[in-house]
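Inspection log for the structure reproduced underneath, given as structure tokens.
Numbering of residues begins at 1 and proceeds along the displayed sequence. Whatever order the structure lists ligands and atoms in, that order sets their numbers, starting from 1.
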Amino acid sequence: MTVEEYLSEIIQKEGIAHVTLIDPASQKPEEAVRLATEAVAGGTNAIMLGGSTDAGGQLLDLTAKMIKENVSVPIILFPGSTSGFTTNADCVLFMSLLNSRDPHYIVGNQMLGALTLYKTGMESIPMAYLVCEPGGTVGWVGDAKLLPRAKPELAAAYALTGKYYGMRYTYLEAGSGADSPLPPEMIGTVKHVLKDSVLIVGGGIRDGKAAAICAKAGADIIVTGTAIEKADDVKALTAEIVMGAKMGKKA
Ligand SMILES: CC(C)=CCC/C(C)=C/CC/C(C)=C/CC/C(C)=C/COP(=O)(O)OP(=O)(O)O
Ligand SMILES: O=P(O)(O)OC[C@@H](O)CO
Ligand SMILES: [Mg+2]
């Protein structure tokens, strides 16, 4: 089964999937393994690996390898450039930051990595990456023309652009560590036009309540990074967020 099929099955059965984002640059591989193991025990469905800036050296390779040896859920790469590639993963989000002002983030980095990806034969999922206010580090690094929170129709227009290009996933991003998650109106407007295409929502989701609001508004996959990296009890917080997301879908 591909990772895409695996996630689709969870979305179909449970209403929503949860993915934990770990930045390989932020901690030692052993600590990343601890976070991943506890998040999986709390019910997360996959581990996403990436960051806006390079991990440097062998950190990404080693972190991915060690997580793979210790957890059973898929490892999905979330690359900020071609240096976000490693063969020790199951799948890569082949993403284009559609609302960037810099062609490197729309198509340039992708071109540089395409032949490498081809040679590995790794699964890839074409994804529209839409960075909204406030955008955080990725908004700055990716030179995004930040999508205004108060103008959901602009985000919907970009999401449709991605869908018409053939992208099967859309990632609505508020930026890592955002003060608050994206507004439900924005998530709802985007999901309305995407229909069956998969909508990922991330940035600033810190508890079960926030996850429930995003889920109810239309998210198919919820991503949490910062809150889990900082949690005293990673398993308990993950379980709360996963439960909140599922309850939000049922509400
Ligand atoms: C090579 C391919 C397929 C794509 C790379 C080119 C693109 C489109 C990059 C998008 C822009 C970018 C810099 C994305 C980084 C995404 C990311 C992993 C963000 C979140 O990482 P965190 O560690 O949560 O937060 P920081 O931004 O603080 O690192
Ligand atoms: O770190 P947080 O705020 O959970 O954001 C996760 C993800 O959307 C960042 O790319
Ligand atoms: Mg980071």
Side-chain angles (χ1 to χ4, degrees), residues 18-27 32 35 39 44 46-56 59-60 63 76-86 89 91-118 120 122-146 162 167 169-182 187 199-207 210-211 214 219 221-231 234 237-238 241 245:
H18 177 266
V19 174
T20 299
L21 172 64
I22 297 177
D23 187 343
S26 296
Q27 65 284 297
L35 291 172
T44 201
I47 303 295
M48 206 160 86
L49 277 183
S52 303
T53 47
D54 290 3
L59 209 46
L60 172 63
T63 303
I76 302 169
L77 298 175
F78 185 38
S81 70
T82 52
S83 66
F85 283 0
T86 171
C91 172
V92 55
L93 294 171
F94 201 80
M95 58 210 243
S96 174
L97 206 179
L98 292 181
N99 63 313
S100 176
R101 296 183 183 87
D102 181 345
H104 286 106
Y105 289 101
I106 304 171
V107 72
N109 279 286
Q110 294 77 351
M111 177 280 288
L112 293 174
L115 285 171
T116 307
L117 179 59
Y118 175 75
T120 65
M122 188 181 284
E123 180 188 348
S124 61
I125 302 174
M127 182 173 87
Y129 188 47
L130 307 179
V131 181
C132 309
E133 291 173 340
T137 310
V138 71
W140 189 88
V141 171
D143 199 3
K145 191 172 175 186
L146 297 175
M167 296 166 180
Y169 276 26
T170 301
Y171 192 135
L172 212 50
E173 170 77 273
S176 189
D179 285 342
S180 59
L182 290 169
I187 298 169
L199 176 60
I200 308 183
V201 175
I205 301 169
R206 290 184 181 77
D207 55 27
C214 295
I221 300 178
I222 290 213
V223 175
T224 54
T226 309
I228 285 173
E229 277 177 15
K230 287 186 178 161
V234 171
L237 181 64
T238 306
I241 290 170

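- Of all heavy-atom pairs between A39 and V234, the closest is N-CG1, 3.7 Å.
- L77 approaches F85 most closely through the heavy-atom pair CD1-CA, 4.0 Å.
- Look at G142 and you'll find every heavy atom at least 4.0 Å from all atoms of ligand 1.
- Not a single donor-acceptor pair under 3.5 Å links the side chain of S124 to the backbone N or O of V92.
- Using a 4.0 Å cutoff on heavy atoms, S81 counts as a contact of ligand 1.
- One finds the CD1 atom of I76 at 9.0 Å from the CD1 atom of I47 (value rounded to the nearest 0.5 Å).
- Considering all non-hydrogen atoms of both residues, T86 and M122 come closest at O-CE, 3.2 Å.
- Atoms of ligand 1 found under 4.0 Å from any heavy atom of T137, numbered from 1 in the order shown, are 27 (O), 28 (O).
- A donor-acceptor pair under 3.5 Å is absent between the side-chain atoms of D143 and the main chain of R101, judged by distance alone.
- Comparing D102, T226, V138 against atom 14 (C) of ligand 1, the shortest heavy-atom distance belongs to V138.
- Per-residue contacts place G50 under 4.0 angstrom from the following atoms of ligand 1 (heavy atoms of the residue considered): 18 (C), 21 (O), 23 (O).
- Near ligand 2, residues L21, F78, Y171, E173, S176, G177, G202, G203, G204, T224, G225, T226 each place a heavy atom inside the 4.0 Å sphere around the ligand atoms.
- Neither the backbone nor the side chain of S100 has any atom closer than 4.0 Å to an atom of ligand 1 (non-hydrogen atoms only).
- Using a 4.0 Å heavy-atom cutoff, G113 is absent from the residues neighbouring ligand 1.
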May I have the step-by-step check of side chain to side chain donor-acceptor pair (under 3.5 Å) for T20 and T44, ending in yes or no? CA-CA 6 Å; T20 299; T44 201; 2.8 Å; yes
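- Taking every heavy atom of L21 and a limit of under 4.0 angstrom, the matching atoms of ligand 1 come to 24 (O).
- With sequence neighbours left out, Y129 forms a ring-ring contact (aromatic ring centres under 6.0 Å, His included) with F78, Y171.
- Every residue meeting the side chain to side chain donor-acceptor pair (under 3.5 Å) condition with D102, not counting sequence neighbours, appears here in chain and number order: H104.
- Closest heavy-atom approach to atom 7 (C) of ligand 1 within the set F85, Y105, F78: this belongs to Y105.
- Proximity of a side-chain donor or acceptor of N109 to a complementary backbone N or O of G80 within less than 3.5 Å is not detected.
- By the 3.5 Å distance cut-off applied to N or O atoms, D23 is counted among the residues near ligand 1.
- In terms of heavy atoms, C214 sits closest to I222 at CB-CD1, 3.7 Å.
- Backbone and side-chain nitrogen or oxygen atoms of Q110 are examined, and none is located within less than 3.5 angstrom of a nitrogen or oxygen of ligand 1.
- Counting the atoms of ligand 1 from 1 in the order shown, those under 4.0 Å from a heavy atom of S176 are 22 (P), 24 (O), 25 (O).
- Taking S100 as the reference, nothing meets the side chain to side chain donor-acceptor pair (under 3.5 Å) condition, with sequence neighbours excluded.
- If you number the atoms of ligand 1 from 1 as listed, the ones under 4.0 Å from a heavy atom of L97 come out as 8 (C), 11 (C).
- Set against the non-hydrogen atoms of F94, the atoms of ligand 1 under 4.0 Å away are 3 (C).
- In terms of modelled atom types and a separation under 3.5 Å, the side chain of Q110 and the main chain of M95 share a donor-acceptor contact.
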